[in-house]
Amino acid sequence: MNSKKKIHFEVSERKILLRLFDVFSVLLSLYLVGIIFNFKYFYITVYNYQWTVVLGTYILLIGSVFEMYNLQVASNQFQAIRSIILTSFTTVIVYLFTPILTPELPSNRIQIVYFFLAIFLALLLWRMFYQKYLASHRFEKKVILVCEREQADELIQGLKSIDPHYTIIALVDAECGESHSIPNSSIQMVPLDRLERFVSQNSISEIVVATQKTEAITVDLYNKLLLLLENGFTIREYTHVYENLTQRIPVQYVAQDFYRYFPFSRSNQNQLYLLLIRLFDVVIALFGIGIGIVLLPFLFVGNLIGNRGKMFYTQVRVGQNGKDFRIIKFRTMVKNAEQHGAVFATANDVRITPFGKFLRKTRIDEFPQFLNILMGEMAVIGPRPERPVFVNEIAEVMPFYQTRHVIKPGLTGWAQVNYSYGDSIDDSLIKLQYDLYYIKHRSIFLDINILIKTLSTILFYRGQ
């Protein structure tokens with residue numbers, strides 16, 4: 001059985017593609033500029049290869065900070081151009097002012113203009129090509145979903161907003177396998193006896209099995225899937241697909257099967273990793289406290305005018321292993337903000353003062369928490385600590401919630417850099433999924449990713 005599949009790049013492959021061609025296009029552009037315009041500031045030879053390595057590294061690091069490798073940004077023309085301008089300008093500035101690693105500043109200043117334009121135009125032309133051809137629907141991935149009929153709408157919606165090119169075009173009812181339509185959906189359902197023909201005729205890339213009922217995988221269904229597998233078609237389990245695409249764990253689909261996710265990342269028991277993280281926490285905490293001391297006089301005046309009350313406040317939060325501790329923050333709300341009891345803070349909370357809003361947007365209100373980090377109650381990276389009253393409330397309706405307390409809470413985290421402000425139980429579920437993903441996949445590389453995304457959040461003024 002043969003089937004022609006359309007070209008499709010996975011999320012990770014698209015990010016690698018963007019990084020490789022960003023560097024390649026810039027180096028090619030600089031090479032051509034050197035030939036055409038007698039550009040001597042940057043030229044590539046075997047004797048100065050370190051210049052090329054440094055430039056490539058700067059492009060990748062600075063591009064990550066300015067969201068060049070965020071696929072949603074890369075597919076949006078306005079946001080992509082903004083990121084390209086910021087990345088090009090910052091890369092040139094940093095490159096020019098690190099002469100130990102890079103060429104000496106050129107005496108002819110027009111060379112700097114050539115350098116900037118070569119980088120900017122290379123990134124712009126390559127990214128426009130990416131948007132027109134590689135991010136188009138002609139590279140979509142067509143998928144068949146195997147599940148119970150009553151779950152279909154929820155499962156489809158769970159994947160729909162993640163990757164627009166990951167398209168579920170048909171379903172197989174795991175319980176009856178009959179051909180019928182789904183309520184509120186135009187997606188076709190395919191009976192088992194037509195599954196092979198449908199797969200061949202519609203360029204199906206993979207089949208996703210999402211049933212939670214073992215008995216629903218009948219002998220006939222199993223044999224059909226096995227035949228497709230033997231003919232080279234990819235068959236994957238829904239929770240694995242969901243985790244890979246969203247980078248969060250779908251706890252709502254796995255009930256109490258916690259054993260499928262334990263033990264989490266071996267980094268959680270790796271003493272060398274934990275020691276390095278602790279040293280990193282201490283260094284960052286001392287650095288943050290130093291900056292906070294410098295800012296303190298300005299914050300004192302701002303608080304005096306804008307908040308008119310105590311500058312600091314403390315609040316009980318749940319820490320590692322469920323132990324309570326007192327978190328320290330700059331006050332951002334009016335006096336007696338919770339006189340009627342504890343409530344979730346919302347994105348446009350009327351209790352937040354104008355000066356408090358500025359502190360939250362810039363994340364300056366979090367600076368006192370460097371003291372918590374120094375005392376070992378928190379880490380720089382981890383799930384955000386929640387208040388006991390909310391922990392108890394959420395844990396009653398949400399499986400796995402207490403699992404986020406197996407590591408120290410953090411100043412920033414995977415949930416904070418990937419999801420907007422949460423003010424409901426549903427939002428807490430999504431943030432829990434991100435937190436568990438971090439605990440499961442915790443590593444140096446993921447920590448670096450979070451730090452870069454945190455810088456992007458601050459630079460683009462997207463604090464909560």
Side-chain angles (χ1 to χ4, degrees), residues 10-12 71-72 141 143-169 171-175 182 184-185 187 205-214 216-217 225 234-265 268 382-384 386 391 394-407 413-420 422 424-443 446 449-450 453:
E10 299 290 349
V11 170
S12 59
L71 295 183
Q72 283 71 36
K141 190 171 193 174
V143 181
I144 292 179
L145 183 64
V146 179
C147 67
E148 288 80 40
R149 183 182 180 186
E150 64 271 14
Q151 285 187 307
D153 282 334
E154 181 183 2
L155 294 172
I156 293 169
Q157 291 301 319
L159 294 174
K160 187 176 180 181
S161 61
I162 303 166
D163 183 354
H165 303 140
Y166 192 89
T167 308
I168 297 175
I169 66 168
L171 289 99
V172 174
D173 191 329
E175 292 185 311
I182 306 170
N184 304 319
S185 176
I187 296 175
S205 297
E206 68 182 30
I207 298 169
V208 176
V209 180
T211 179
Q212 294 180 331
K213 301 176 182 177
T214 305
I217 306 295
L225 294 176
T234 303
I235 298 177
R236 302 170 69 189
E237 201 269 331
Y238 182 85
T239 56
H240 295 162
V241 174
Y242 186 97
E243 182 176 337
N244 289 336
L245 290 178
T246 64
Q247 296 185 308
R248 60 184 201 247
I249 291 179
V251 293
Q252 70 272 41
Y253 300 127
V254 296
Q256 300 298 323
D257 297 339
F258 65 90
Y259 54 84
R260 298 175 63 181
Y261 298 98
F262 283 82
F264 283 112
S265 171
N268 296 320
R384 284 297 293 161
E386 192 53 86
V391 168
I394 297 170
E396 289 181 1
V397 296
M398 193 179 298
F400 296 99
Y401 192 76
Q402 298 285 8
T403 308
R404 66 200 298 273
H405 300 137
V406 300
I407 64 174
W414 192 233
Q416 280 64 49
V417 298
N418 282 288
Y419 193 70
S420 59
S424 67
I425 296 294
D426 289 339
D427 290 328
S428 295
L429 171 61
I430 295 176
K431 299 188 86 168
L432 171 64
Q433 293 174 353
Y434 281 117
D435 288 335
L436 294 184
Y437 181 91
Y438 172 73
I439 297 171
K440 181 179 180 181
H441 298 279
R442 195 179 183 196
S443 67
L446 186 55
N449 193 352
I450 292 171
K453 285 177 176 287

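For clarity, every value in this text was computed on a predicted model and none was experimentally measured.
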Candidate pair Tyr401 and Glu386, rule side chain to side chain donor-acceptor pair (under 3.5 Å), full reasoning: CA-CA 11 Å; Tyr401 192 76; Glu386 192 53 86; 4.6 Å; no
Got a salt bridge between Glu243 and Arg248, using NZ or NE/NH1/NH2 to carboxylate O under 4.0 Å? no
How far does CD1 of Ile187 sit from CD1 of Ile169, to the nearest 0.5 angstrom? 9.0 Å
Roughly how far apart are Gln433 CD and Gln247 CD, rounded to 0.5 Å? 13.0 Å
Of all heavy-atom pairs linking Ser205 and Lys141, the shortest is CB-CG, 3.4 Å
Carefully, step by step, assess Arg442 and Ile407 under the rule side chain to side chain contact (heavy atoms under 4.5 Å, CB included). CA-CA 10 Å; Arg442 195 179 183 196; Ile407 64 174; 3.6 Å; yes
Spatial distance of atom NZ (Lys453) from atom CG (Asn449) [nearest 0.5 Å]: 5.5 Å
Can you list the residues that meet the side chain to side chain contact (heavy atoms under 4.5 Å, CB included) rule with Ile450, with sequence neighbours excluded? Ile381, Thr412, Trp414, Val417, Tyr438, Leu446, Thr454
Any non-hydrogen side-chain atom of Arg384 less than 4.5 Å from a side-chain atom of Lys431? no
On the 0 to 90° scale, with breaks at 30° and 60°, tag the His441-Tyr437 ring pair as parallel, tilted or perpendicular. tilted
How far apart are the closest heavy atoms of His240 and Arg236, and which atoms are they? O-NH2, 4.4 Å
In Å and rounded to the nearest 0.5 Å, what is the CD1 to CD1 distance from Ile144 to Ile168? 10.5 Å
Which of Ile207, Val208, Ile235 passes side-chain contact (heavy atoms from CB on, under 4.5 Å) with Val146? It is Ile207
Pairwise side-chain contact, Val391 with Gln402, heavy-atom cut-off 4.5 Å (strictly under): yes
What distance do Asp427 atom CG and Ile394 atom CD1 have between them, rounded to the nearest 0.5 Å? 10.0 Å
Write down the atom of Ala210, the atom of Tyr238, and the distance for their closest heavy-atom approach. CB-CB, 3.5 Å
Contact summary for Asp435 and Arg404, nearest pair of heavy atoms: OD2-NH2, 3.1 Å
Check Leu436 against Ile249 and note the closest heavy-atom contact, atom names and distance. O-CD1, 3.6 Å
